[in-house]
Amino acid sequence: MSSLSLECPACGESDELRGRKEGALILVHCDTCGHEWPRDPDVCPRCESRAIVDRREPMFQKARGTQQSIIAFRIIHECGRCGNEW
């Protein structure tokens with residue numbers, strides 16, 4: 001499993017980023033240098049493939065002793081070509 005590391009293409013910052021939805025795209029803004037760029041959520045940010053698979057991953061909470069309960073699911077996006085997850 002690999003994880004996505006989103007970086008500003010202008011300065012390389014990876015922590016001071018925020019995004020907002022604009023139609024089908026996400027506009028990502030770098031608070032460090034002020035650069036803004038579009039990102040298509042249906043395209044892998046690593047290899048630019050459109051072979052995206054969404055899978056549900058359960059989130060557990062320990063109830064009593066060793067008993068666990070599923071309390072929610074989170075969606076994991078995975079690239080079918082390179083295996084990148086985000």
Side-chain angles (χ1 to χ4, degrees):
M1 284 188 226
S2 58
S3 62
L4 169 68
S5 177
L6 188 61
E7 293 181 349
C8 174
C11 71
E13 178 64 52
S14 61
D15 293 328
E16 299 296 321
L17 304 176
R18 55 191 164 92
R20 72 177 187 280
K21 190 106 166 122
E22 287 280 328
L25 298 176
I26 297 171
L27 284 179
V28 183
H29 178 84
C30 177
D31 287 338
T32 301
C33 72
H35 183 66
E36 189 168 83
W37 70 98
R39 186 173 94 63
D40 187 342
D42 296 327
V43 174
C44 174
R46 179 179 289 159
C47 72
E48 298 185 359
S49 169
R50 289 195 169 271
I52 306 302
V53 177
D54 292 340
R55 62 181 166 83
R56 293 176 9 159
E57 182 177 276
M59 297 173 72
F60 297 98
Q61 178 179 13
K62 200 174 216 179
R64 286 185 219 163
T66 59
Q67 179 182 355
Q68 293 186 349
S69 300
I70 296 174
I71 57 170
F73 289 91
R74 69 180 186 141
I75 303 298
I76 304 293
H77 308 289
E78 183 176 5
C79 177
R81 181 190 294 167
C82 72
N84 187 36
E85 293 181 349
W86 67 97

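- Rounding to the nearest 0.5 Å places CG of Leu6 at 8.5 Å from OG of Ser14.
- With rounding to the nearest 0.5 angstrom, the SG atom of Cys79 is 10.5 Å from the CD atom of Glu85.
- Hydrophobic clustering places Phe73 together with Phe60 (ILVMFWY residues linked when any side-chain heavy atoms are closer than 4.5 Å, directly or through intermediates).
- No more than 12 heavy atoms of other residues, nucleotides or ligands sit less than 6.0 Å from atom CD of Glu48.
- Smallest separation of non-hydrogen atoms from Cys8 and Trp37: CA-CH2, 3.4 Å.
- Between the SG atom in Cys33 and the NE2 atom in His29 there is a gap of 8.0 Å [rounded to 0.5 Å].
- In this structure, Gln61 CD and Gln68 CD are separated by 10.0 Å, a value rounded to the nearest 0.5 Å.
- Scanning both residues, Arg39 and Pro41, for their nearest heavy atoms gives O-CD, 3.4 Å.
- Here Glu57 contributes atom CD and Ile75 contributes atom CD1; the two are 10.0 Å apart, rounded to the nearest 0.5 Å.
- Residues Glu22 and Arg20 have side chains in contact (heavy-atom distance under 4.5 Å, counting atoms from C-beta outward).
- Taking the side chain as every heavy atom from C-beta outward, Asn84 and Pro45 approach each other to under 4.5 Å.
- The CG atom of Asp31 sits 11.0 Å away from atom CG of Asp15, with the distance rounded to the nearest 0.5 Å.
- Glu16 and Glu13 get closest at one heavy-atom pair: N-OE2, 3.3 Å.
- For the residue pair Arg81 and Cys47, the shortest heavy atom distance occurs at NH1-O, 3.5 Å.
- Hydrophobic clustering of Ile, Leu, Val, Met, Phe, Trp and Tyr side chains at less than 4.5 Å, counting indirect connections, unites Ile26 with Leu17.
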